[in-house]
Amino acid sequence: MTDTEVRPDSASLRAARRARVLEEMAASGIDILIAGREPNARYIAGVPRLWINGSRPFGPGCVIERATGSIHIVSTWDEGVPDDIPHQNLHGITFNGANTLAWLSSVEGAATAKTVATDGLMPSTVALVRRAFPSAELVDGEGLMRRVRAVKLPDEIAAIRTAVRIAEDSLAATEGALRAGITERQLTGVFMEQMAQVGVTTPSTQDVAWITSRTAPWSRTTRDAEVTPTDLVALDAGVIARGYVGEVGWTVAVDDVGQLAGGLRGEWDGLWERLLAACQPGHPASRLLEAYDAAGVAAPPMPIARGLGNGNDLPLVSADLPGTAADLRLEAGMVLAVTAYVWREGVGALYGKAPVLLTDAGPELLSTKPLRDRRS
């Protein structure tokens, strides 16, 4: 991963993803799909969209037409644009409504499309879109893209594996820098430097290390954020490599984690086993919430599992959204970032996150280090 040249995603991956989108469009009766959200636009077009001044726009834009499979994108030039998107289908950044109307109207089938879907639309642009597609009903397209992206293709799983390996190696380097007196920000800097050395410059989160609080669960320490020998430090990080997210996390300490955590380790292990057992195709996603209940551990105020891909994918499993989790079914091919967390007053927390691939044969860990007993 030392090559930082801007290149489109591989031809095989682009073709497979577009085929999925077109199949779902056909099943839903959608003639044209407008994608304005980063993961959706890249999924369809295969173009890296991270903004660089004078090169690629900050706001992605992609339109795909079902009958011909043609794709139009917002791009000021053709860097990173695959050859199967012709130059005339590139449309420069504009804040002029007339220019936007002109390029939307140039999409194949615009005048006769019966159904146009979009993954997001500002009220101020509704009238403009209706003028561009005068015969069409406007419908929601975000649900379609979420369904398409939830189950990963083999090439996507390979890309996630690569991102996970980079995140894991960079976090291991961070762990190696742990010592008394180092700050959370310095540990984060170690991660960012290691990540950048292999050609990846986009973390999925900004915080990497946090000293767990001994007075409140799911909190950071309230004192000056310098590590002491008796702190339990959560390391949690991810990278975006070639558009795909890989995330891992585990707990470290200057001294022995197991000794400092006492009986928390057994409690964490029991919770983790239940979480993995819930990662079975056909299960409702709410089984992951039930794993916390069965372990006698309070579910965290944040998702305990969410889909990894080229963005935050389904399912999203959170105690704040129990009904949503109950309605979602786990499927083979999903990749979940699963979080286990246990806390004890006066001690702190044990934290671990690992990416889990759901298969018909059972869950497969894409990282083997959700928790570490002591420093390597």
Side-chain angles (χ1 to χ4, degrees), residues 8-9 13-49 56-76 78 81-82 84-151 153 243 307 309-314:
D9 297 329
L13 181 57
R14 297 197 314 270
R17 291 190 310 209
R18 291 174 191 173
R20 275 192 170 179
V21 173
L22 291 170
E23 181 180 354
E24 189 68 27
M25 290 174 66
S28 302
I30 293 172
D31 299 310
I32 292 173
L33 172 62
I34 305 171
R37 295 184 175 179
E38 168 68 27
N40 294 337
R42 181 158 187 172
Y43 193 95
I44 295 169
V47 180
R49 308 296 296 177
R56 298 182 299 284
F58 179 79
C62 172
V63 178
I64 182 169
E65 196 264 336
R66 174 163 59 91
T68 64
S70 67
I71 294 173
H72 293 248
I73 63 173
V74 175
S75 187
T76 53
D78 57 6
V81 177
D84 54 15
I85 299 179
H87 197 271
Q88 63 267 26
N89 286 13
L90 310 185
H91 306 274
I93 304 170
T94 180
F95 296 97
N96 185 309
N99 292 338
T100 302
L101 176 62
W103 86 259
L104 287 175
S105 301
S106 71
V107 172
E108 294 80 351
T112 57
K114 298 301 182 185
T115 306
V116 173
T118 175
D119 62 1
L121 196 63
M122 293 186 297
S124 60
T125 59
V126 171
L128 185 149
V129 173
R130 292 192 185 281
R131 288 178 61 191
F133 309 107
S135 303
E137 175 190 7
L138 297 182
V139 300
D140 175 43
E142 178 62 15
L144 179 153
M145 289 304 303
R146 286 187 178 273
R147 292 192 299 273
V148 167
R149 289 168 42 202
V151 176
L153 296 157
N310 61 344
N312 291 328
D313 291 344
L314 291 179

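Since the structure is predicted, the reported quantities are computational estimates derived from the model, not experimental observations. These numbers come from the heavy atoms of this one structure, side chains and all, not from hydrogens, waters or symmetry mates.
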Practice prompt. Scan for salt bridge (Lys or Arg N to Asp or Glu O under 4.0 Å) pairs involving residues 90-116, sequence neighbours excluded, and state none if there are none.
Written response: none
Worksheet entry | Contacts of Asn40 that satisfy side chain to side chain donor-acceptor pair (under 3.5 Å) - sequence neighbours left out | Asp119, Glu142, Arg149
Worksheet item: Taking all atoms of both residues into account, what is the closest heavy-atom pair of Pro39 and Gly311, and its distance?
Response: CG-CA, 4.0 Å
Worksheet entry | Any pair counted as ring-ring contact (aromatic ring centres under 6.0 Å, His included), so long as it reaches residues 100-140, sequence neighbours left out | His91-Trp103
Worksheet item: Does the Thr125 side chain pair with the main chain of Met122, one donor and one acceptor, at a distance under 3.5 Å?
Response: yes
Fill in: Leu90 and His87, any side-chain heavy atoms less than 4.5 Å apart
yes
Fill in: Nearest heavy atoms of Arg18 and Asp84, plus distance in Å
NH1-OD2, 2.9 Å
Practice prompt. Measure across Ala41 and Ala35 and return the closest heavy-atom pair with its distance rounded to 0.1 Å.
Written response: N-CB, 4.0 Å
Worksheet item: Of all residues at least two apart in sequence or in a different chain, which pass the side chain to side chain donor-acceptor pair (under 3.5 Å) check with Asp78?
Response: none
Worksheet entry | Listed once per pair and sorted, the salt bridge (Lys or Arg N to Asp or Glu O under 4.0 Å) pairs that draw on residues 19-35, sequence neighbours left out | Glu24-Arg147, Asp31-Arg66
Practice prompt. Start with the C-alpha distance between Gln88 and Ser106, add both sets of side-chain angles, then the distance that settles side-chain contact (heavy atoms from CB on, under 4.5 Å), and finish with yes or no.
Written response: CA-CA 10 Å; Gln88 63 267 26; Ser106 71; over 6 Å; no
Item to complete: Start with the C-alpha gap between Ile71 and Ile73, add the side-chain angles, then the distance that decides, and say whether side-chain contact (heavy atoms from CB on, under 4.5 Å) holds.
Response: CA-CA 7 Å; Ile71 294 173; Ile73 63 173; 3.9 Å; yes
Practice prompt. Calculate, to the nearest 0.5 Å, the distance between atoms CG and CD belonging to Leu22 and Glu65 respectively.
Written response: 9.0 Å
Practice prompt. Go through the structure and list residues passing side-chain contact (heavy atoms from CB on, under 4.5 Å) with Pro134, not counting sequence neighbours.
Written response: none
Item to complete: Compare all side-chain heavy atoms of Val47 with those of Ser75 and state whether any distance is below 4.5 angstrom.
Response: no
Worksheet item: Excluding sequence neighbours, so at least two apart, what forms side-chain contact (heavy atoms from CB on, under 4.5 Å) with Arg130?
Response: Val126, Leu138
Worksheet item: Can you list the residues that meet the side chain to side chain donor-acceptor pair (under 3.5 Å) rule with Asp140, with sequence neighbours excluded?
Response: none
Discussion item. When you compare the side chain of Leu144 with that of Leu33, does any pair of heavy atoms fall below 4.5 Å?
Written reply: yes
Practice prompt. Using side-chain contact (heavy atoms from CB on, under 4.5 Å) as the criterion, list what pairs up with Asn99, not counting sequence neighbours.
Written response: Thr94, Asn96
Discussion item. Is any side-chain heavy atom of His72 closer than 4.5 Å to one of Cys62?
Written reply: no
Worksheet item: Please walk me through it: do Leu128 and Leu104 pass side-chain contact (heavy atoms from CB on, under 4.5 Å)?
Response: CA-CA 9 Å; Leu128 185 149; Leu104 287 175; 3.7 Å; yes
Discussion item. If I take atom CD1 from residue Ile32 and atom OG1 from residue Thr115, how far apart are they, to the nearest 0.5 angstrom?
Written reply: 10.0 Å
Practice prompt. Please examine the side chains of Met145 and Ile44, heavy atoms only from C-beta on, and report whether any two atoms are closer than 4.5 Å.
Written response: yes
Discussion item. What I want to find out is whether Arg42 reaches Asp9 closely enough, with some N-O distance under 4.0 Å, to be called a salt bridge.
Written reply: yes
Item to complete: May I ask you to test the Ile30-Val116 pair for a side-chain heavy-atom distance under 4.5 Å?
Response: no
Worksheet item: Do side-chain atoms of Arg17 reach the backbone of Tyr43 as a donor and acceptor pair under 3.5 angstrom?
Response: yes
Discussion item. Counting C-beta onward and ignoring hydrogens, is there a side-chain heavy-atom pair between Glu137 and Val139 closer than 4.5 Å?
Written reply: yes
Worksheet, complete the sentence: Taking every heavy atom of Thr118 against every heavy atom of Gly120, the minimum-distance pair comes out as OG1-O, 2.9 Å
